[in-house]
Number of protein chains: 4
Amino acid sequence: MLNRVILIGRLTKDPEMRYTPAGVAVTQFTLAVDRPFTSGGQGEREADFIPIVTWRQLAETCANYLRKGRLTAVEGRIQVRNYENNEGKRVYVTEVIADNVRFLESGNRDSGGSREEGSSGFSGGQGGNQGGYGGGSQGGGSRSGGSQKNDNRDPFSDDGRPIDISEDDLPF
Amino acid sequence: MLNRVILIGRLTKDPEMRYTPAGVAVTQFTLAVDRPFTSGGQGEREADFIPIVTWRQLAETCANYLRKGRLTAVEGRIQVRNYENNEGKRVYVTEVIADNVRFLESGNRDSGGSREEGSSGFSGGQGGNQGGYGGGSQGGGSRSGGSQKNDNRDPFSDDGRPIDISEDDLPF
Amino acid sequence: MLNRVILIGRLTKDPEMRYTPAGVAVTQFTLAVDRPFTSGGQGEREADFIPIVTWRQLAETCANYLRKGRLTAVEGRIQVRNYENNEGKRVYVTEVIADNVRFLESGNRDSGGSREEGSSGFSGGQGGNQGGYGGGSQGGGSRSGGSQKNDNRDPFSDDGRPIDISEDDLPF
Amino acid sequence: MLNRVILIGRLTKDPEMRYTPAGVAVTQFTLAVDRPFTSGGQGEREADFIPIVTWRQLAETCANYLRKGRLTAVEGRIQVRNYENNEGKRVYVTEVIADNVRFLESGNRDSGGSREEGSSGFSGGQGGNQGGYGGGSQGGGSRSGGSQKNDNRDPFSDDGRPIDISEDDLPF
DNA sequence: TTTT
DNA sequence: TTTT
């Protein structure tokens with residue numbers, strides 16, 4: 001009926017982009033979101049590590065501009081998939097399917113030489129001291145593809161089986 | 001950068017639908033949302049009365065299915081318009097531009113004879129024991145029009161001035 | 001940094017309440033949330049089944065007033081726990097820790113005789129034709145306990161190990 | 001029933017803190033939130049200017065650490081106040097009462113010498129490459145005061161009338 | 001101007 | 001009255 005999630009956190013690693021057999025871009029990353037309280041006796045702050053999935057144009061933008069450690073806002077919905085693993089046991093996977101991603105930090109902090117930034121490919125434009133735009137489906141006509149009928153499978157399941165999406169299944 | 005509102009409340013009156021000169025449907029209603037606490041000494045609960053605006057297909061669905069008193073969930077963004085009134089003073093208007101509306105109560109409570117239901121026209125389908133659907137842009141390809149470039153004017157300003165929206169301004 | 005979830009859906013079963021060894025009430029239920037689109041060829045609508053956890057006073061209210069099938073709004077945060085299962089494999093559990101629950105349907109639909117309503121115990125007050133209140137921490141001083149330092153364990157792990165929460169760990 | 005707002009934007013000015021006669025801190029600022037689309041012909045991006053109000057401890061933290069231009073996340077609820085102005089006309093004021101504020105940018109960008117930063121006093125700790133914390137009532141026991149019974153008056157109405165809050169009205 |  |  002209604003399913004809305006908003007998160008702000010940092011990428012635990014660089015995002016990973018793949019393509020489905022039908023050529024649809026899908027990017028996955030994990031957001032570390034600090035909990036709003038400290039636990040245990042010595043006040044260490046814990047975090048939740050929440051897997052994010054984006055599709056199509058937004059996936060490509062995320063792959064291009066997001067990097068490990070970047071502060072990022074994500075808007076989307078919770079999705080629970082389940083599949084049978086190789087021992088015949090049903091496994092549940094919970095992910096946030098994002099339809100709006102905001103880059104709260106740009107890539108050009110000081111210099112571009114940071115070895116942690118990896119093969120960035122980031123080249124300003126929406127960086128600098130302005131919060132960058134990662135697309136998003138709130139606005140007008142952009143079909144962001146965050147909530148498509150094919151987003152219920154695991155694009156990262158390297159289990160040998162091909163992903164059986166035909167062109168007909170795709171919403172464009 | 002990010003602007004997300006989620007409300008659950010009850011309509012204070014039946015919704016009002018109009019059309020812009022260009023033929024775009026726009027519906028307005030007010031949601032009474034009880035505050036999460038009681039105030040004053042005798043524990044009376046107050047409410048906020050929040051104006052909602054919907055556009056296009058969603059506007060028509062809301063006009064058809066929503067009625068005074070109905071419990072309703074709204075998702076959207078806050079918008080602040082301002083205009084100069086007839087005394088030359090700037091007036092600020094804050095509204096929630098909805099892109100997703102959920103009908104949490106159907107029209108067919110017991111009988112259809114309730115005099116408070118007005119000229120309902122509602123006839124089940126999404127009522128009953130299922131929360132109804134009011135459209136919404138979260139899902140796939142529906143361009144809900146909740147966030148269009150023309151939603152910054154007051155479709156209800158009956159001040160004599162014609163609404164100057166040309167066809168070119170409209171996002172479809 | 002920021003972690004906010006809002007869901008509207010229906011309970012898949014009656015809620016289950018337990019107490020931790022320290023006497024803290026904790027209630028678990030699953031919300032079926034219809035997806036905003038249809039999938040497959042024949043347009044069947046799928047749902048996500050999202051586990052919800054509530055603590056303390058809110059847990060007791062939920063156990064008392066929620067029942068299978070009821071339309072319910074939940075506000076909270078995503079939490080990802082992980083533990084090692086009996087085969088030494090790390091298992092990840094994702095839940096929504098609710099700090100605000102709204103009962104969008106009361107128990108007294110027509111008669112009280114519905115066999116599906118179970119041993120309800122619900123007796124109006126916040127029911128009827130008003131959306132009921134399930135507590136919630138937005139408002140004033142109520143310490144809802146939805147986000148406590150002990151909410152990172154599985155209160156339903158019936159794995160023989162006692163839950164090792166000492167009174168000192170509890171936030172009250 | 002449910003009233004939740006999440007915003008990310010930039011302060012249009014330094015925040016302003018006052019105290020009620022009863023000594024309660026209240027801070028006001030305006031967030032400029034870019035719209036998710038461009039309007040007009042030449043693609044200029046507009047913004048909504050949304051007034052934010054915070055109370056008590058959160059008010060003091062905001063006054064200390066927020067400055068004009070800073071990227072900031074705000075969580076809260078929409079509140080609509082109304083009062084009669086000096087011409088006897090009823091005026092409606094819509095604000096977001098924040099109960100959680102996240103500082104997405106610290107004050108120590110490069111040097112501390114920026115004249116626009118004002119008399120900051122902010123000196124890292126939660127700045128740098130970590131998103132800072134502005135309190136927030138999501139977590140455990142902190143009574144943030146964002147949603148108190150006295151938040152329905154305008155702490156900034158310099159209209160000569162004293163604010164009539166007695167100590168008894170205050171929630172602490 | 002307000003809903004239940 | 002507005003931020004970047």
Side-chain angles (χ1 to χ4, degrees), chain A residues 102-106 124-133, chain B residues 1-3 7-16 28-35 44-52 66-74 80-82 84 89-92 104-105 109 114 116-118 156, chain C residues 102-106 124-133, chain D residues 1-3 7-16 28-35 44-52 66-74 80-82 84 89-92 104-105 109 114 116-118 156:
Chain A
R102 299 297 171 193
F103 308 151
L104 303 177
E105 284 176 358
S106 65
Q126 60 210 16
N129 51 5
Q130 190 209 6
Y133 287 83
Chain B
M1 283 283 308
L2 190 149
N3 182 339
L7 304 171
I8 300 180
R10 292 183 184 282
L11 291 238
T12 62
K13 306 204 291 194
D14 282 2
E16 288 181 47
Q28 208 268 3
F29 55 90
T30 296
L31 222 51
V33 182
D34 285 345
R35 293 194 180 156
E44 68 275 25
R45 186 172 294 276
E46 288 178 89
D48 290 290
F49 298 95
I50 302 174
I52 314 292
L66 286 180
R67 285 298 170 269
K68 175 181 176 179
R70 296 276 173 78
L71 191 66
T72 305
V74 161
V80 183
R81 293 182 294 112
N82 67 83
E84 208 163 305
K89 229 182 99 182
R90 192 140 296 271
V91 178
Y92 292 83
L104 304 178
E105 284 176 0
R109 267 254 197 217
S114 164
E116 284 206 307
E117 300 283 280
F156 302 98
Chain C
R102 300 293 171 195
F103 308 151
L104 304 177
E105 284 176 359
S106 65
Q126 59 209 16
N129 52 6
Q130 189 209 5
Y133 286 85
Chain D
M1 282 285 306
L2 191 148
N3 182 338
L7 304 170
I8 299 180
R10 293 183 184 280
L11 291 237
T12 61
K13 306 206 288 195
D14 283 1
E16 288 182 46
Q28 208 268 1
F29 55 90
T30 296
L31 223 51
V33 182
D34 287 344
R35 294 196 179 155
E44 69 276 24
R45 187 173 292 275
E46 288 179 89
D48 291 292
F49 297 94
I50 302 174
I52 314 292
L66 287 179
R67 286 296 170 271
K68 176 181 178 179
R70 297 273 173 80
L71 191 66
T72 304
V74 161
V80 183
R81 292 182 295 113
N82 68 82
E84 207 163 305
K89 229 182 99 184
R90 192 141 294 272
V91 180
Y92 291 84
L104 303 177
E105 284 177 359
R109 266 265 196 207
S114 165
E116 283 206 309
E117 298 282 282
F156 302 99

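Values below: every heavy atom of this structure, side chains too, minus hydrogens, waters and symmetry copies. Every chain is numbered from 1 and lettered A, B, ... according to where its sequence line falls, protein lines coming before strand lines.
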Any non-hydrogen side-chain atom of [X] less than 4.5 Å from a side-chain atom of [Y]?
X     : Y     : result
D:D48 : D:R35 : yes
B:F49 : B:T30 : yes
B:I52 : B:L7  : yes

[X] [atom1] to [N] [atom2]: how many Å, rounded?
X      : N     : atom1 : atom2 : result
B:D14  : E:dT2 : CG    : P     : 17 Å
B:E16  : E:dT2 : CD    : P     : 15 Å
D:L104 : F:dT3 : CG    : P     : 19 Å
D:K68  : F:dT1 : NZ    : P     : 16 Å
A:R102 : F:dT4 : CZ    : P     : 18 Å
D:L31  : F:dT4 : CG    : C1'   : 12 Å
B:I50  : E:dT1 : CD1   : C1'   : 16 Å
D:I8   : F:dT4 : CD1   : P     : 17 Å

Checking all strands, does D:F29 fall into the base, sugar-phosphate, or nothing category for heavy-atom contacts under 4.0 angstrom?
->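 Contact class for D:F29: none.
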Just compare [options] and give me whichever is closest to any side-chain atom of [X].
X     : options             : result
D:R10 : F:dT4, E:dT3, E:dT1 : F:dT4
B:A47 : F:dT2, E:dT3, F:dT3 : E:dT3
D:Y92 : E:dT1, F:dT1, F:dT3 : E:dT1
B:D34 : F:dT3, E:dT4, F:dT1 : E:dT4
B:T30 : E:dT2, F:dT3, E:dT4 : E:dT2

For D:P15, check side chain to side chain contact (heavy atoms under 4.5 Å, CB included) against everything at least two apart and list the hits.
->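 With neighbours one apart ignored, the set is D:L11, D:T27, D:F29, D:L66, D:R67.
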